[in-house]
Peer 1: 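Below are the structure tokens for one structure; questions will follow.
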Amino acid sequence: MLTQRRYLQRGSAYIVLISGYLAIAVEAPYLGTSISLWMGVPPILTTLLLPPGAALLLNVLLAPMWLLLISIALPAPVSGTHYVTLVVISILPLGWYMQQSRFLKSTDHLDTRSGIISRDTLSERLVAEVERARALNQSLSALVIHLPQVDMADEQFGQTTRDTLLMTFCRVVQRSSRRGDALGQHQHNVFWLLLANAGEAGALIVRERLMQALGETRLAEIGAIQAQIRICQLADDESAERFEQRLISRGLNLLEPDT
């Protein structure tokens, strides 16, 4: 089913892309000077519908054809400059995509080394913890932790400092929590610490212990580790899906300014 869905998505993208190419190619001789506006459609359409690498390659390969059509209404130097500028602008998302890919790879590497739960399996672990709490008639709490320094460390000091911050944070959490607690990464700077068999009082103790330990841990570039932590407790008869939604909402609230 998933494979069929991917084929349908790709097929739809190809149909839209080819239709756009044909429409621009057919109308190009009649657009006059307004072709300088429409000439941006092919590279941008390609970037939106194809993976970044394939989009860049196709834009380069089709450049002679588009320049030939554009030269009907505009001088060659002007049309060439316009098209190259639009192609450069259209590949800017490629740089963002590659940066995010590098970050995800480094995050996966971080998960492997630190032993924390990745986002892919965090929901499954949460469901398992809720089922376990129901079966044993126990409480279940979670700490939603936001590390605002992650973005700053990456932008000002680079990936190495960011990874050091995250690894140090994971070690502090593991030292400050109990053996059965599970730390998972929901976003690049938001973590969930699942506290099995812990009510509000127990979660508060873990929170205060963790806040103190993080405040006492200093890194050379950024100083003490800062964290915003909120407690979220599983309510009676609350489903795992509803509990997860509350955790996500609590994390989004922490990401807002002045929270």
Side-chain angles (χ1 to χ4, degrees), residues 92 95-123 125-126 129 141-196 198-233 244 246-259:
L92 289 178
W96 178 86
Y97 175 83
M98 295 177 64
Q99 181 181 7
Q100 293 299 312
S101 297
R102 289 194 299 268
F103 176 77
L104 291 175
K105 289 180 181 179
S106 65
T107 301
D108 292 341
H109 185 47
L110 174 69
D111 294 342
T112 302
R113 289 184 296 169
S114 63
I116 66 175
I117 303 172
S118 66
R119 181 172 182 173
D120 294 336
T121 57
L122 185 56
S123 295
R125 179 60 181 268
L126 180 63
E129 290 295 339
S141 299
L143 299 183
V144 181
I145 308 169
H146 172 223
L147 294 180
Q149 294 168 311
V150 171
D151 294 327
M152 179 271 292
D154 189 22
E155 294 173 358
Q156 297 186 10
F157 303 103
Q159 178 179 334
T160 301
T161 300
R162 182 198 63 201
D163 290 348
T164 300
L165 168 62
L166 292 175
M167 289 295 298
T168 304
F169 163 75
C170 293
R171 287 196 295 266
V172 172
V173 172
Q174 290 169 354
R175 290 198 303 264
S176 303
S177 56
R178 305 166 304 172
R179 183 180 298 273
D181 298 338
L183 177 65
Q185 187 174 24
H186 184 255
Q187 298 185 37
H188 71 282
N189 59 355
V190 176
F191 296 78
W192 297 352
L193 180 61
L194 306 181
L195 307 175
E200 184 176 0
L204 183 60
I205 293 175
V206 175
R207 177 184 181 274
E208 295 303 318
R209 184 165 61 235
L210 179 57
M211 290 286 291
Q212 181 178 357
L214 291 173
E216 295 174 350
T217 303
R218 303 184 65 86
L219 299 177
E221 292 85 356
I222 62 177
I225 299 179
Q226 301 174 7
Q228 298 172 301
I229 305 177
R230 298 291 183 270
I231 297 174
C232 198
Q233 186 176 6
E244 182 178 13
R246 286 206 294 129
L247 293 176
I248 294 174
S249 177
R250 196 65 58 90
L252 292 176
N253 290 338
L254 288 176
L255 293 175
E256 295 177 356
D258 300 325
T259 56

Peer 1: Could you state the interatomic distance from CG (Leu204) to CD1 (Ile231), rounded to the nearest 0.5 Å?
Peer 2: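 Interatomic distance, Leu204 CG to Ile231 CD1, rounded to 0.5 Å: 5.0 Å.
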Peer 1: Please check: side-chain N/O of Thr121 versus main-chain N/O of Ile117, any donor-acceptor pairing under 3.5 Å?
Peer 2: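 Pair absent, no side-chain N/O of Thr121 close to backbone of Ile117.
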Peer 1: Where is the tightest heavy-atom contact between Ala227 and Leu147, given as atom of each residue plus distance?
Peer 2: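 Shortest heavy-atom contact: CB-CD2, 3.8 Å.
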Peer 1: For the side chain of Arg207 and the backbone of Ile229, is there at least one donor-acceptor N/O pair under 3.5 Å apart?
Peer 2: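 A pair under 3.5 Å: yes.
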Peer 1: Which residues pass the side-chain hydrogen bond (donor to acceptor under 3.5 Å, both in side chains) test with Arg171, not counting sequence neighbours?
Peer 2: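 Partners of Arg171 under the side-chain hydrogen bond (donor to acceptor under 3.5 Å, both in side chains) test: Thr168.
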Peer 1: Mind checking the CG-CZ spacing from Leu165 to Phe157? Nearest 0.5 Å is all I need.
Peer 2: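 These two atoms lie 11.0 Å from each other.
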Peer 1: Testing the basics here: between Ile222 and Ala153, what is the closest heavy-atom pair and its distance to 0.1 Å?
Peer 2: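 In this case the closest contact between Ile222 and Ala153 is CG2-CB, 4.5 Å.
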Peer 1: Does Leu183 offer a backbone N or O that forms a donor-acceptor pair with the side chain of Arg125 under 3.5 Å?
Peer 2: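 No, the answer is negative, given that no donor and acceptor are paired below the 3.5 Å cut-off.
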Peer 1: To the nearest 0.5 Å, what is the distance between CD (Glu221) and CE (Met152)?
Peer 2: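 Spacing of CD (Glu221) from CE (Met152) equals 9.5 Å.
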Peer 1: Taking atom CZ of Arg209 as the centre, report whether more than 12 heavy atoms of other residues, nucleotides or ligands fall under 6.0 Å from it.
Peer 2: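 Counting neighbours around CZ of Arg209, more than 12 heavy atoms of other residues, nucleotides or ligands fall under 6.0 Å, so yes.
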Peer 1: Roughly how far apart are Ile145 CD1 and His186 NE2, rounded to 0.5 Å?
Peer 2: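 Ile145 atom CD1 to His186 atom NE2 measures 13.5 Å (nearest 0.5 Å).
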Peer 1: Side chains of Gln212 and Glu208: any donor to acceptor distance under 3.5 Å?
Peer 2: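 On atom types as modelled, these side chains do not qualify, holding no pair under 3.5 Å.
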Peer 1: Under a 3.5 Å distance rule, please check whether Arg178 uses its side chain to pair with a backbone N or O of Ala196 as donor and acceptor.
Peer 2: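 Yes: the side chain of Arg178 pairs with the backbone of Ala196.
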Peer 1: Quick one: does Leu194's side chain get under 4.5 Å of Asp181's, heavy atoms only?
Peer 2: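 No, every pair of side-chain atoms sits at 4.5 Å or beyond.
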Peer 1: Please state whether the rings of Phe169 and Phe191 are parallel, tilted or perpendicular, taking 30° and 60° as the class boundaries.
Peer 2: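 Rings of Phe169 and Phe191: tilted, as their planes differ by 30° to 60°.
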Peer 1: Kindly say whether Ala224 contributes a backbone atom to a donor-acceptor pair with the side chain of Gln149 at under 3.5 angstrom?
Peer 2: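 Yes; at least one donor-acceptor contact below 3.5 Å.
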Peer 1: Hey, does the side chain of Glu244 reach the backbone of Ser123 with a donor-acceptor pair shorter than 3.5 angstrom?
Peer 2: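 No, because the side chain of Glu244 does not come within donor-acceptor range (under 3.5 Å) of the backbone of Ser123.
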Peer 1: Using every non-hydrogen atom in the two residues, find where Gly199 and Gln233 come nearest and quote the distance to one decimal.
Peer 2: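 So the two residues come closest at CA-NE2, 3.7 Å.
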Peer 1: So, for Ser177 and Val173, which heavy atoms are closest and what is the spacing to 0.1 Å?
Peer 2: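 Closest approach of Ser177 to Val173: OG-O, 2.7 Å.
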Peer 1: Answer whether the closest heavy-atom distance between the side chains of Leu255 and His146 falls below 4.5 Å.
Peer 2: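 Leu255 vs His146: side chains touch.
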Peer 1: Using only atom types and a distance under 3.5 Å, with no angle test, would you say the side chain of Ser141 pairs donor to acceptor with the backbone of Leu195?
Peer 2: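 Not confirmed, Ser141 side chain does not pair with Leu195 backbone.
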Peer 1: Go through the steps for Val144 and Trp192 under the test side-chain contact (heavy atoms from CB on, under 4.5 Å), then give the verdict.
Peer 2: CA-CA 5 Å; Val144 181; Trp192 297 352; 4.2 Å; yes
Peer 1: Quick one: does Gln226's side chain get under 4.5 Å of Leu214's, heavy atoms only?
Peer 2: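 Not touching, per the 4.5 Å side-chain cut-off.
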Peer 1: As an exercise, state the distance from CD1 of Ile225 to CE of Met211, rounded to the nearest 0.5 Å.
Peer 2: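 Between Ile225 CD1 and Met211 CE, I get 12.0 Å after rounding to 0.5 Å.
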Peer 1: Mind checking the CG-CD1 spacing from Asn253 to Ile248? Nearest 0.5 Å is all I need.
Peer 2: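 The distance works out to 12.0 Å.
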